[in-house]
Amino acid sequence: MAAVAQCVRGALRARYPLLRLALRTSPRLLCVATPQKNAGQNAEEEPSPPASEQKAEPSAAEKLLAEEKAKLEEQLRETNDKYKRALADAENVRQRSQKLVEEAKLYGIQSFCKDLLEVADILEKATESVPKEEIKDENPHLKSLYEGLVMTEVQIQKVFKKHGLLRLDPVGAKFDPYEHEALFHAPVEGKEPGTVALVSKMGYKLHGRTLRPALVGVVKEA
């Protein structure tokens with residue numbers, strides 16, 4: 001039987017060379033095709049997982065990074081708020097300092113001005129004490145002295161005005177407690193109550209601020 005089979009194979013190889021080539025290559029082709037077919041069948045048979053399962057859960061490292069990011073963003077917001085508040089505080093300090101410097105320039109001479117007011121008061125009293133009827137050519141010395149006092153008083157008022165110091169002469173004006181100091185209240189015929197009837201001492205204002213209130217008498221109702 002073995003000899004017969006061998007003879008048959010030899011006859012087939014000799015007569016059909018193509019069959020011999022197919023037998024030589026077919027086992028390998030069959031081996032390759034079979035897994036591919038099986039893989040295709042398995043892919044068709046196994047259903048794909050749902051989209052919710054395909055999305056992987058965030059890892060612990062990703063969660064930690066997200067928490068750290070949130071903390072840093074919060075710190076950044078707090079830092080920006082502190083920076084803006086610091087800028088606002090610095091600007092307020094700068095404005096207050098500038099205002100103080102300007103006020104120091106304006107009112108730094110008020111002590112000196114108060115001392116000069118005494119001189120102006122003396123000049124005013126001196127000119128008022130000279131009898132007007134005695135000021136004539138027959139008294140040249142008195143006339144010259146009086147004119148000199150008047151010129152000096154006018155000049156000192158010009159200097160005061162140049163430096164922002166103005167005299168308050170409130171006769172007939174409404175009484176203002178911020179500019180006037182009432183020495184007495186008395187009824188005066190023909191005068192409106194609450195107005196200034198008499199000025200005992202002139203007041204002064206330095207750049208709009210009362211440096212010395214005027215000493216006055218105020219009209220009251222009869």
If you measure from [atom1] on [X] to [atom2] on [Y], what distance do you get to the nearest 0.5 Å?
| X | Y | atom1 | atom2 | value |
| --- | --- | --- | --- | --- |
| E68 | L72 | CD | CG | 5.0 Å |
| T152 | I122 | OG1 | CD1 | 13.0 Å |
| M151 | E147 | CE | CD | 8.5 Å |
| I156 | K158 | CD1 | NZ | 13.0 Å |

Distance-minimising heavy-atom pair for [X] and [Y]:
| X | Y | result |
| --- | --- | --- |
| E192 | T195 | O-OG1, 2.5 Å |
| C113 | L165 | CB-CD2, 4.0 Å |
| K125 | S200 | NZ-O, 3.9 Å |
| A126 | L149 | CB-CD1, 3.9 Å |
| A214 | P170 | CB-CG, 4.1 Å |

Quick check: are there more than 12 heavy atoms from other residues, nucleotides or ligands sitting under 6.0 Å from [atom1] of [X]?
| X | atom1 | answer |
| --- | --- | --- |
| E133 | CD | yes |
| K132 | NZ | yes |
| K191 | NZ | no |

>> What I want to find out is whether E74 reaches K71 closely enough, with some N-O distance under 4.0 Å, to be called a salt bridge.
In response: no
Do the side chain of [X] and the main chain of [Y] share a donor and acceptor less than 3.5 angstrom apart?
| X | Y | result |
| --- | --- | --- |
| S144 | H141 | no |
| T127 | L123 | yes |
| N139 | I135 | no |
| E62 | S59 | yes |
| R212 | M202 | yes |

State, with a plain yes or no, whether a side-chain heavy atom of [X] is found less than 4.5 Å away from one of [Y].
| X | Y | result |
| --- | --- | --- |
| P193 | K220 | no |
| L142 | V130 | yes |
| L211 | K205 | no |
| K105 | V101 | yes |
| T210 | Y204 | no |
| V218 | L198 | no |
| E124 | R167 | yes |
| F160 | L166 | no |

> By ring pair (Phe, Tyr, Trp, His ring centres under 6.0 Å), which residues pair with Y146, not counting sequence neighbours?
Replying inline: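 Ring pair (Phe, Tyr, Trp, His ring centres under 6.0 Å) list for Y146, sorted by chain: empty.
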> Passes side-chain contact (heavy atoms from CB on, under 4.5 Å), Q98 versus R94? Steps please.
Replying inline: CA-CA 6 Å; Q98 184 177 0; R94 187 191 68 79; 3.2 Å; yes
>> Quick one, E153 with Q157, criterion side-chain hydrogen bond (donor to acceptor under 3.5 Å, both in side chains). Give me CA distance, side-chain angles, the key distance, then yes/no.
In response: CA-CA 6 Å; E153 186 179 5; Q157 291 299 327; 5.4 Å; no
> Which word best sums up how the rings of H207 and Y107 line up, parallel for under 30°, tilted for 30 to 60°, or perpendicular for over 60°?
Replying inline: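 Rings of H207 and Y107: perpendicular, over 60°.
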>> As a quick check of understanding, evaluate side-chain contact (heavy atoms from CB on, under 4.5 Å) for V119 and L117, giving each step before the final call.
In response: CA-CA 5 Å; V119 178; L117 294 183; over 6 Å; no
